[in-house]
Amino acid sequence: MHHLIPLLVAVPLLGAALLVATGRFLPRIAAEITGVVVSGGTAALAVVLLLNSEPPMVEWVGGWLPVGGESVGILVVGDGPALGMATLVSLLTLSALAYSWRYFDEPPTGHTGAFTALMLVFQGAMCGFAIAGDLFNAFVFFELMSVVAYALTGYRIDEAKAVQGALTFGVVNSLGAYAMLMGIALLYARTGELAMTKIGRGLDATGHSGPDALVLASFVLVLTGLLVKAAAVPFHFWLPDAHAVAPTPVCMLLSGVMVELGAYGVWRVYGTVFAGPGGIPAADLTRALVTLGTLTAAVGAVMCWYQRHIKRLLAYSTVAHTGLFLVGLGVLTPEGDDGVALYIIGHAGVKAALFACAGVLLDRFGSVDEHALHGRARRLRATAVMFAVGALGLAGLPPFGTALGKAVTEEAVGGPLTVVFVAASAITAGAVLRVTARVFLGLGPRPEDAEYETSGSDEEPETSGLLSRIPDTMTTVPAVLLAAALAVGVVPGFGDLVAASVNEAGSGGAHVSVHWTLHGVLLGVASTVLAVALAGLAVTRPAWVSAPGWAAPLRRLQSGHVGDYVAWLLMGATVLGALALPGVLGS
Amino acid sequence: MADALIVVVLLLVAASATAAVAQRDPARQALVLSFLGTLLAALFTVLQAPDVGLSQLAVGSALTPLLIMLCVRKIRRRGRSKEDAR
Amino acid sequence: MNRLRLWLLAVGGAGLAALLVAACLDLPGFGGRHHPYGDRAVQASLARHTANTISSVNFDQRAYDTLGEMSILFAAVLGCVVLLRQARDEHRAPPEPAEVARPVRRYALLVLPVALVTGLYVVAHGQLSPGGGFQGGVVAATALHLLYLGADYGALERVRPLGVYETSDAVAVCAYLVLGLASVLAGTAFLANTLLPYGTFNTLSSGGAVPLLNAAVGMEVASAVVVLLAHFLDQAVEIEEEHGS
Amino acid sequence: MSTVMHVLPYLVAAYVFLTGCYGLATSRNLVHAVGCLAVCQCATYVLLLAVGYRDGATAPVFSDIAPGSRPVVDPVVQALTLTDIVVGATVTALLLALVLQIAKRHGTVDPDELRELRG
């Protein structure tokens with residue numbers, strides 16, 4: 001069985017290569033069917049492997065089994081979290097491909113399957129990153145997924161915003177990747193190994209007296225790369241610019257899983273490389289991740305509230321939620337890991353569904369602007385219901401999977417950090433509900449335009465002309481995704497299953513049971529009530545919750561200037577180093 | 001002897017990297033990058049990495065600068081034809 | 001705003017610089033002897049009769065990395081094809097034949113075959129001497145573009161049917177994957193180099209699957225670079241925007 | 001000499017990386033910025049190969065030396081650098097393609113004049 005793990009990468013890549021090789025002769029429908037079949041087949045393979053991941057599997061690609069504990073090959077891991085992420089990636093790619101069925105008006109001449117092929121490569125790259133057990137191999141697939149993502153983000157070359165967002169995305173993420181590679185080189189210099197577990201053991205063997213500057217620098221550099229992908233403050237600036245302009249099916253993948261893979265990478269790399277006595281002490285990691293995560297959640301939530309461009313609003317809500325994931329992972333408890341895993345699964349379904357609904361608006365009205373669309377989408381009842389349900393899922397209304405994940409994570413972090421969870425989910429959900437009320441119901445007065453903001457009107461639809469009727473695929477897919485997000489919380493035993501496989505792979509091996517608690521349900525309901533209240537207030541008394549003066553500088557930071565973002569990246573690396581410094585000085 | 005050579009090439013690499021950043025005109029920057037690519041190829045050969053040196057020579061000193069030049073040419077041509085149209 | 005960026009740059013750059021310098025001082029000295037993975041790789045390469053250890057690492061021990069790298073190139077080419085496609089408001093204008101000085105033309109036409117052969121030679125001897133699919137592929141593809149200097153753009157376009165190169169790019173990726181999958185079908189690990197005999201050390205056919213994977217990469221790199229350059233040349237020379245749009 | 005020699009290659013790599021970042025942050029032309037990103041990447045090559053170097057060793061190619069007769073430098077970092085070089089070239093190409101489209105759609109390649117996405 002373990003020989004099949006690398007096929008999660010090979011099958012989508014083969015599908016993509018075949019599509020390009022035959023691209024000139026293939027009718028469009030055949031290309032799209034091939035894409036769905038290959039993507040679905042990979043998803044099925046991922047599910048089968050996931051069901052067999054007890055006990056966790058490992059595979060040495062190329063058959064280079066370790067001799068005397070040493071190998072020259074590349075390690076691929078097949079444990080619960082790795083295969084779980086691969087499954088999530090594959091299922092979401094499948095739904096994005098189904099959603100984009102007959103989507104773009106004109107594929108590039110002679111390259112009928114280009115979009116589908118890029119999506120398949122994206123799927124293979126994300127699967128490859130999820131199952132990587134070798135640090136350099138993780139970098140290679142990190143880079144592959146970035147490269148495909150840049151191309152997909154800039155796919156609509158007629159759009160000025162799209163190409164600008166894609167370039168910002170490209171420059172910032174590439175720089176992050178190079179920082180990560182510098183960190184890998186430093187680790188290789190110290191330990192002479194590349195497999196993550198071997199590096200971890202090498203650090204422990206050489207660092208009897210605790211970590212030194214070399215370990216700290218490599219930690220900072222590797223985490224910079226991963227946190228750029230995870231869009232943690234202050235590495236987050238590229239995300240709204242890119243996610244707001246990418247084609248909708250791509251947004252579903254970017255916000256649904258790619259960003260979360262950054263958080264997953266942090267979990268994997270810290271757990272296997274830096275968690276030992278020669279690595280970074282737990283207290284320092286907790287300080288770094290909880291600080292940055294809280295900041296990320298706060299900035300994401302505030303910025304989300306002030307957006308009028310609906311896709312940009314959703315992108316900021318992804319920033320806020322990634323902050324919550326980082327806080328949950330940062331406390332380094334088995335419950336925290338379980339909660340975040342469930343939260344990521346639920347969030348993927350909800351966020352992808354919300355983007356899918358925003359895509360319906362774009363293709364029906366040629367605009368994703370909350371102000372311009374005020375009251376214009378009254379007829380789209382099904383979309384309206386799904387948008388509202390998605391908002392409630394975002395708020396964490398039980399029994400959504402997001403609510404279960406949030407409740408378990410809140411239990412794990414405890415204390416004042418619970419407030420961050422409730423506030424961030426309530427504000428982002430409130431913003432989405434506000435959009436629902438204004439756009440689909442036409443409630444309240446048309447809001448006034450602000451000075452420093454991105455408008456979402458005058459966008460080109462992604463289909464051939466404006467749609468007069470919404471195709472069934474574009475309503476079925478978000479409905480299925482929302483149902484899946486609901487099932488994560490409702491299906492009995494699912495939470496325990498996820499928790500068991502996460503704990504099996506994570507450190508300690510402590511098995512904890514995951515279930516609904518009264519405390520969690522009450523907090524979930526509280527966030528939802530708060531979200532509804534905020535949305536109601538925004539619609540009826542816009543002046544009360546409009547941007548206060550202190551929010552203006554925060555908005556000005558998001559300047560769209562790539563130089564600013566690079567400067568922030570350097571600043572972020574320094575902050576990360578400062579946050580983790582006490583452990584190095586103390587040893 | 002080998003050490004002295006390595007030091008010299010390293011310092012040259014650092015200097016030409018500075019020049020590549022300081023040269024704000026992209027067409028000239030492409031030339032500096034090409035020079036930097038050649039220096040790196042030399043450095044890699046001195047560091048006993050002929051494979052890497054060869055590919056750096058092909059990619060760093062030929063392909064990348066060529067792509068930058070083509071890009072600059074397109075942007076300039078575009079600027080000119082826009083002015084003609086006015 | 002600009003001042004804020006400079007402050008950030010100064011503080012962030014200084015912090016990162018301090019961190020990096022401190023790390024450099026903790027690194028094992030340059031030229032040290034501790035290379036456990038490297039020593040193992042040399043042994044493994046010799047055991048499989050591959051004279052050039054780097055090729056053995058690239059195409060045998062860490063062939064999975066090379067698959068990822070190949071896919072990056074493949075994806076980037078596909079991305080450039082998509083990004084540099086002719087937009088709705090653009091048209092093609094055949095370029096005027098450019099005047100090239102006669103010595104330049106002669107030189108280019110003379111160097112062209114030499115460079116092409118060198119490229120192919122470098123690809124073919126990848127498992128023996130420095131070089132291999134990447135280096136040779138780039139050299140061969142760049143050499144083809146000397147034709148732009150030596151003759152003119154039209155001549156280049158005639159010997160460069162783009163569709164064929166795009167297809168061969170994809171076919172090469174397929175070939176690499178199929179070679180990898182063959183070993184899974186044979187019941188071993190993905191990309192395992194155990195199906196073919198390892199041959200005699202230091203000959204062209206040594207190293208088992210290494211020469212085949214090397215050739216696939218060479219083909220992929222050569223076609224990919226041709227396609228990349230072609231699309232940039234197209235933009236620089238042929239594609240024009242409609243005026244007044 | 002020897003202490004300097006022990007860290008100089010690493011310091012040069014760090015310097016090149018930071019110089020590239022500086023150029024990237026202060027660039028007034030996107031083509032130039034992509035060039036600076038290529039400079040940043042050069043730093044990773046230098047660091048990787050410096051890490052794998054061994055005094056008095058030769059290249060790990062055994063077509064003209066007998067195996068075991070001389071020490072060889074670390075082949076793994078060389079393979080990693082090869083991968084890295086190809087990655088760098090493709091990323092540069094893709095980003096340049098995006099810059100071309102920006103030039104067409106925005107009419108400028110000065111990042112200070114791109115004002116579509118903000119707030």
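A note on names: the letters A, B, ... follow the listed sequences, proteins ahead of strands, and every chain is numbered from 1. These figures come from a predicted structure and were not determined experimentally. What's counted below: heavy atoms across the whole structure, side chains too, no hydrogens, waters or symmetry copies.
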Sort [X] into side chain, backbone, both or neither according to what part of it lies under 4.5 angstrom from a heavy atom of chain A.
X	result
C/L19	both
C/V184	side chain
C/F190	both
C/L83	both
C/V21	neither

Among C/G163, C/A44, C/G13, C/A76, which residue has the highest count of heavy-atom pairs closer than 4.5 Å to chain A?
C/G163
Ranking C/G79, C/G32, C/P36, C/A22 by heavy-atom pairs under 4.5 Å to chain A gives rank one to C/P36
Measure the spacing between [atom1] of [X] and [atom2] of [Y] and express it to the nearest 0.5 Å.
X	Y	atom1	atom2	result
A/F25	C/T167	CZ	OG1	6.0 Å
A/H561	C/N2	NE2	CG	7.0 Å
A/L214	C/C24	CG	SG	9.0 Å
A/L14	C/C174	CG	SG	5.0 Å
C/D65	A/L194	CG	CG	8.0 Å
A/S559	C/R5	OG	CZ	7.0 Å

What's the shortest heavy-atom distance between [X] and [Y], and which atoms?
X	Y	value
C/A75	A/L144	CB-CD1, 4.1 Å
A/T191	C/H34	O-NE2, 4.1 Å
C/S71	A/L13	OG-CD1, 3.3 Å
C/A189	A/E59	CB-OE2, 3.2 Å
C/A23	A/A217	CB-CB, 3.4 Å
A/G73	C/R62	O-NH1, 4.3 Å

Among [options], who wins on heavy-atom pairs under 4.5 Å with chain C?
options	value
A/V72, A/L570, A/V67, A/T574	A/V72
A/V61, A/V147, A/L19	A/V61
A/V20, A/N137, A/V140, A/D158	A/N137
A/V148, A/D134, A/V215, A/T224	A/D134
A/A21, A/A117, A/A16	A/A21
A/P6, A/A17, A/A151	A/A17

Could you tell me whether the side chain of C/L4 reaches within less than 4.5 Å of the side chain of A/L557, counting heavy atoms only?
yes
Any side-chain heavy-atom pair of A/L7 and C/L181 under 4.5 Å:
yes
Measure from NZ or CZ of C/R48 to the centre of the six-membered ring of A/W64 and say whether it is under 6.0 Å with the direction within 45° of the ring axis.
yes
Establish, yes or no, whether the cationic atom of C/R85 lies under 6.0 Å from the six-membered ring centre of A/Y155 and within 45° of the ring axis.
yes
Using modelled atom types only, decide if a donor and an acceptor are shared between the side chain of C/R40 and the backbone of A/E70 within a distance under 3.5 Å.
no
Under a 3.5 Å distance rule, please check whether C/D26 uses its side chain to pair with a backbone N or O of A/A213 as donor and acceptor.
yes
Select one option (side chain, backbone, both, neither) describing which atoms of A/S146 are under 4.5 Å from chain C's heavy atoms.
neither
Centre-to-centre under 6.0 Å for A/F136 and C/Y64, is that the case here?
no
